[in-house]
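For the single chain, residues carry numbers from 1 onward in sequence order. Worth knowing before you read on, the calculation uses all heavy atoms, side chains too, and leaves out hydrogens, waters and symmetry mates.
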Amino acid sequence: MAALLVAACLDLPGFGGRRHPYGDRAVHASLARHTANVISSINFDQRAYDTLGEMSILFAAVLGCVVLLRQARDEHRARPAPAEVARPVRRYALLVLPIALVTGLYVIAHGQLSPGGGFQGGVVAATALHLLYLGADHQALERVRPLAAYEILDALAVCAYLVLGLAGVLAGTAYLANTLLPYGTFGTLSSGGAVPLLNAAIGMEVAGAVVVLLAHFLDQAVEIEEEHGK
């Protein structure tokens, strides 16, 4: 492996040169399949297998945290008392929350057109909900964050990515091949073939995973206590 790595490095194009074989091919494939954002084309079309692995890592990491942070036998839940929040913090958080949430959804929806996509937009949308924790209290956050629903969303998003890949196999092409849907009009939301659907699945998975992850850490911080009150 070391010898192959050295051989590959010696054959790399010169730094700052005009020869970029991978970049040229990636841009050409992106334009051929009407995906304006080349990064999204690489993530959800040319190297969709890699994205499947990244999504699986995130899903496994969240699952591991859920198992490790579950309530133990010597712990109990104590409802936290509402904390006093400064008025400027409350006003700012409640004002920015809907803006941040819409921004996250916008980044997900336009991932095939502009910088961003499911990974970035999912994180923005998930963390936007937690501005309610900063601007109000933990109980207010719980009312808009039914944890079971987000756990189901996380699992369904992973399944959606897998099913979209299998759809290509059933249609007679390769797994995750971007040949199932028409490529649409370049520069529109419906362009890119299967890229917008895979991008949306990743956005839902990341958003659900981050919400579930933060929920369990917050539970450990403000709700779950040992029997002796520690």
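- Closest non-hydrogen pair, Ala93 versus Leu131, comes out as CB-O, 3.4 Å.
- Each of Leu147 and Leu63 belongs to its own hydrophobic cluster when Ile, Leu, Val, Met, Phe, Trp and Tyr are linked at side-chain heavy-atom distances under 4.5 angstrom.
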Q: Quick one: do Val107 and Val124 satisfy side chain to side chain contact (heavy atoms under 4.5 Å, CB included)? Show the steps, please.
A: CA-CA 9 Å; Val107 172; Val124 173; 5.7 Å; no
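- The environment of OH in Tyr49 is crowded: more than 12 heavy-atom neighbours from other residues, nucleotides or ligands sit within 6.0 Å.
- For His28, the NE2 atom is loosely surrounded, since the number of other residues' heavy atoms within 6.0 Å does not exceed 12.
- In this structure, Phe119 is not a member of the same hydrophobic cluster as Ile39, with clusters built from ILVMFWY side-chain heavy atoms closer than 4.5 Å.
- Between the CG atom of Leu69 and the CG atom of Leu218 there is a distance of 11.0 Å, given to the nearest 0.5 Å.
- Nearest heavy-atom pair, Gly118 versus Asn199, reported as atom, atom and distance to 0.1 Å: N-OD1, 2.6 Å.
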Q) Please walk me through it: do Leu198 and Thr51 pass side chain to side chain contact (heavy atoms under 4.5 Å, CB included)? A) CA-CA 10 Å; Leu198 294 174; Thr51 304; over 6 Å; no
Q.
Leu197 vs Leu181, test: side chain to side chain contact (heavy atoms under 4.5 Å, CB included). Steps then yes/no.
A. CA-CA 10 Å; Leu197 297 180; Leu181 299 176; 3.5 Å; yes
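- Separating the OG atom in Ser30 from the CD atom in Gln112 is a distance of 10.5 Å, to the nearest 0.5 Å.
- Both Phe59 and Val62 are assigned to one and the same hydrophobic cluster, defined by single-linkage of ILVMFWY side chains at heavy-atom distances under 4.5 Å.
- Taking CD1 of Ile202 as the start and CG of Asn43 as the end, the distance is 9.0 Å to the nearest 0.5 Å.
- The backbone N or O of Gly184 lies less than 3.5 Å from a partner atom in the side chain of His34, making a donor-acceptor pair.
- The minimum heavy-atom distance linking Tyr161 with Tyr175 is given by the pair O-OH, 4.4 Å.
- Two different hydrophobic clusters hold Val210 and Tyr106 under the rule that ILVMFWY side chains link at heavy-atom gaps under 4.5 Å.
- Distance OG1/Thr127 to CG/Leu134: 10.5 Å, rounded to 0.5 Å.
- Contact check for Thr173 versus Leu180: no side-chain heavy atoms found under the 4.5 Å cut-off.
- Evaluation of the salt bridge (Lys or Arg N to Asp or Glu O under 4.0 Å) test over residues 36-48, restricted to residues two or more places apart or in two chains, returns Arg33-Asp45, Arg47-Asp50.
- How far CG of Leu164 is from CG of Leu176: 8.0 Å, rounded to the nearest 0.5 Å.
- Hydrophobic clustering, with ILVMFWY side chains joined whenever heavy atoms are under 4.5 angstrom apart, keeps Tyr183 apart from Val38.
- Here the straight-line distance linking atom CD1 of Ile108 with atom CE of Met204 works out to 8.5 Å at 0.5 Å rounding.
- Here the closest heavy-atom approach between residue Thr188 and residue Leu113 is recorded as O-CD2, 3.3 Å.
- For the pair Ala136 and Arg90, the tightest heavy-atom approach, listed with the atom from each and the gap, is CA-NH1, 4.0 Å.
- Using a distance-only test at 3.5 Å, with no hydrogens or angles considered, a donor-acceptor pair links the side chain of Asn178 to the main chain of Gly192.
- What you find for Leu189 and Ala109 is that their closest heavy atoms are CD2-O, 3.5 Å.
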